[in-house]
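First the structure, in the form of structure tokens, and then the observations on it.
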Amino acid sequence: MSVDPTETARPASEQLDSLIERIGVVPLEEILRDLLHHSATALKVERVGYWSMESGGRAICRELQFHLSEDRYDHEKLQLESADFPFYFKALHHGSNLVVSDDAMGDPRLAEFRDSYFAPLGIKAMLDAPVHRHGRLFGVVCHEHVGEMRQWTATEVDFARYVAQWVALAVEIDGRQRAEIALRESEARYRMVLEHTPTAIVVLDMENNGRFLEANESAVKFYGVSRETLLSGGPVDFSPEFQPDGRTSIESAWEKISRAMEGEEPFFDWMHLRGDGSKVPCTVHLARMPGRKNPRVIAAVTDKTEQLRTEETMRRALENERELSELRSRFTAIVSHEFRTPLGVIMSAVELLRNYHDRLDAARRGELFEDIHTATSRMGDLMEQVLVLGGADAGKLAYTPEPIDLEAICAKLIDESLSATVRKCPVEVSIESDLEGAIGSESLLRHIFSNLLSNAAKYSPAGSPVEFRVRREAKDAIFTVRDRGIGIPAEDQPKMFEAFHRARNVAGVAGSGLGLLITKRCVELHGGSIGFESEDGAGTRFTVRLPIFG
């Protein structure tokens, strides 16, 4: 039976046109329901369904179907695979994609449906109108006629095409709306992440000479300027002229940005300038922003100040540990040597006295007792130096200023030094008379000059004179101790005030390597300074400056 819709075509079209006005306003499913319902009513077709293409055209899936006699919709999904229905899928993808069949049961294109689908449901004719999107087959509006035989007219076919076109429009608009909603949601998430991340984020507009287009709050705080000021410039405007690698900021920045524009994601160290002019070391990670017509580069900037501070602290700790290890080694070596030698002398002398006391004459016994005394004195001096240094490190070596007779103290220290060195080297003294009003610590002065005078005699040949001069210069007393001994090699001079360090040319001369360090500590407690000039083999001159005149 053929239905001529001539009498109802105009009203149906007008009704369809009014329906089309709702596309993009109401949900897609509601539009599809109305289109399928209207098409079934206008063409008097029992079933009208919308099927979408899946798997690259290798399957179709029924999304919605309207049953005219029951006035109901079927939402049950049904999928047909091309492997199961090869003749039908060949017809769908052939020519105009339109499948018009007046005799569904006898149509070879639909032979796969005959026994399993058409016969049980009484389907006699089929009209499948293609739904195209972007020039490709996107779906099918399937009209299934039940009852008597039916021959589709050209008007009915055109109407079915018309409905399919509006389905395509509805699907297209819905897709665009969903994409726009997804884009807005994505941008909203992007904005939220951008604003709340603790990392400084800036976006560079490459159409505007790489100026900052966007910046989150962390970036504003990082650069230390207002948002308006930040967005009025670019990376180079907030960088020093040169980077630590020696390249100009302009050259280096554009090289990195160019790599990002080519698809790389450069990660590099950088030096930025804050608003107050201070330099901030940081790391920068660049990437080109995808999905935009206008080229943009996003930069994540991380302050490295704390990282570098931590690394420097660790480096110093490791250096201190290394120095401490070396100090322990030197301490062990020197102390063991300085104690072993006098202990050997003492043990040897004691053994001789114990075993041969009665057979030794008085002179020999006296020599042995003198050896014991000298050795114990040497050990006592070493222990005294260790204790003094330990007290200085612990803050127990205090500077307690009091009025002193500087000239008398110097004379006493010279006499003590001559006695301690058995007058090995004469001391040439030059002390100015204008030394009244000095305020200092006699005990600290004793440590300072007993060490310097002792060293001068120790490292000089017997009889070589040692000069000791004192003069006043404004509020400072200037002391000079000069010898003409072995001197200090140039390579050892930078370490002469380090604990347990001894010059390489002192082999055979007893010493702990603590005297000069103790001297320096005592000078510093006085608020003064100490320095020296020396030449290997030509002697040494120490100069001490102490602010002891009020």
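These numbers were taken from a predicted model, which means no experiment stands behind them.
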Donor-acceptor contact present, side-chain Ser55 to main-chain Arg58, <3.5 Å: no

His272 and Tyr223 aromatic ring geometry - parallel, tilted or perpendicular at 30°/60° bounds: perpendicular

Heavy atoms of Asp107 and Ser101 approach each other most closely as OD2-OG, 2.9 Å

Among Glu156, Glu46, Glu144, which residue satisfies the salt bridge (Lys or Arg N to Asp or Glu O under 4.0 Å) criterion with Arg150? Glu156

Hey, does the side chain of Arg296 reach the backbone of Gly210 with a donor-acceptor pair shorter than 3.5 angstrom? no

Measure across Leu204 and Ala299 and return the closest heavy-atom pair with its distance rounded to 0.1 Å. CD1-CB, 4.3 Å

Is any side-chain heavy atom of Leu32 closer than 4.5 Å to a side-chain heavy atom of Glu63? no

Heavy-atom check, side chain of Glu228 versus side chain of Leu231, under 4.5 Å: no

Decide side chain to side chain contact (heavy atoms under 4.5 Å, CB included) for Asp174 and Arg178; before the verdict, give the C-alpha distance in whole Å, the side-chain angles of both, and the deciding distance to 0.1 Å. CA-CA 6 Å; Asp174 180 73; Arg178 289 177 183 273; 2.7 Å; yes

Verdict with supporting geometry, Val280 and Thr305, side chain to side chain contact (heavy atoms under 4.5 Å, CB included): CA-CA 7 Å; Val280 183; Thr305 304; 4.0 Å; yes

Determine whether a donor-acceptor pair (N or O, by modelled atom type, separation under 3.5 Å) exists between the side chain of Arg227 and the backbone of Ala215. yes

Donor-acceptor pair between Glu491 and Gln493 side chains, under 3.5 angstrom: no

Is the charged tip of Lys256 near the ring of Phe268: under 6.0 Å from the six-membered ring centre and within 45° of its axis? yes

Exactly one of His75, His143, His38, His37 clears ring pair (Phe, Tyr, Trp, His ring centres under 6.0 Å) with Phe66, and that residue is His37

So does Lys495 pair up with Glu498, basic N to acidic O under 4.0 Å? no

Any non-hydrogen side-chain atom of Trp51 less than 4.5 Å from a side-chain atom of Asp128? no

Please step through salt bridge (Lys or Arg N to Asp or Glu O under 4.0 Å) for the pair Glu319 and Arg315, ending with a clear verdict. CA-CA 6 Å; Glu319 182 66 20; Arg315 188 194 65 78; 5.0 Å; no

Do side-chain atoms of Asn97 reach the backbone of Leu92 as a donor and acceptor pair under 3.5 angstrom? yes

Please step through salt bridge (Lys or Arg N to Asp or Glu O under 4.0 Å) for the pair Asp74 and Arg62, ending with a clear verdict. CA-CA 9 Å; Asp74 186 356; Arg62 187 177 66 191; 3.4 Å; yes

Sub-3.5 Å donor-acceptor pair from the side chain of Arg109 to the main-chain atoms of Ala91, do we have one? no

Measure up the Phe159 and Tyr162 rings against each other and bin them: parallel (under 30°), tilted (30 to 60°), perpendicular (over 60°). tilted

Least distance between heavy atoms, Met496 atom then Phe532 atom: CG-CZ, 4.0 Å

I would like to know whether Glu306 and Arg309 meet salt bridge (Lys or Arg N to Asp or Glu O under 4.0 Å); could you show each step before the answer? CA-CA 5 Å; Glu306 287 301 321; Arg309 185 177 292 120; 2.3 Å; yes

To the nearest 0.5 Å, what is the distance between NE2 (His285) and OG1 (Thr199)? 12.0 Å

Any sub-3.5 Å donor-acceptor pair from Asp205's side-chain atoms to Glu214's backbone N or O? no

Is a side-chain N or O of Arg274 found less than 3.5 angstrom from the main chain of Lys221, in a donor-acceptor match? yes

Start with the C-alpha gap between Thr229 and Ser226, add the side-chain angles, then the distance that decides, and say whether side-chain hydrogen bond (donor to acceptor under 3.5 Å, both in side chains) holds. CA-CA 5 Å; Thr229 301; Ser226 66; 2.8 Å; yes

Between Met126 and Val99, is any pair of side-chain heavy atoms under 4.5 Å apart? no

Is Asp102 reaching over with its side chain to a backbone N or O of Trp152, donor-acceptor style, under 3.5 angstrom? yes

Determine the minimum heavy-atom distance between Ile60 and Tyr88, stating which atoms define it. CD1-CE2, 3.9 Å

Is a side-chain donor-acceptor pair under 3.5 Å present for Glu54 with Ser52? yes

Testing Leu43, Leu35, Leu36, Thr41 one by one against Ser39 for a side chain to side chain contact (heavy atoms under 4.5 Å, CB included), which residue passes? Leu43

Side-chain touch Pro130/Phe138, heavy atoms, less than 4.5 angstrom: no

Starting from the C-alpha separation in whole Å, work towards a yes-or-no answer on salt bridge (Lys or Arg N to Asp or Glu O under 4.0 Å) for Arg247 and Glu255. CA-CA 11 Å; Arg247 300 174 66 190; Glu255 183 265 329; 3.7 Å; yes

Would you check if Ser239 and Leu273 make a side-chain contact, meaning some heavy-atom pair closer than 4.5 Å? no

Report yes or no: does Asn209 contribute a side-chain atom to a donor-acceptor pair with the main-chain N or O of Arg211 at less than 3.5 Å? no

Hey, is the main chain of Pro240 close enough, under 3.5 Å, to the side chain of Ser249 for a donor-acceptor pair? yes

Value for OH (Tyr50) from CD (Glu29), rounded to nearest 0.5 Å, stands at 12.5 Å

Could you check if a side-chain atom of Thr302 sits within less than 4.5 angstrom of a side-chain atom of Lys304, using non-hydrogen atoms only? no

Heavy-atom closest pair (Ser278 atom, Asp276 atom, distance to 0.1 Å) is OG-OD1, 2.7 Å

Note: Ala170 and Ile31 closest approach over all heavy atoms is CB-CG2, 3.7 Å

Leu286 vs Ile298 side-chain heavy atoms within contact, under 4.5 Å: no

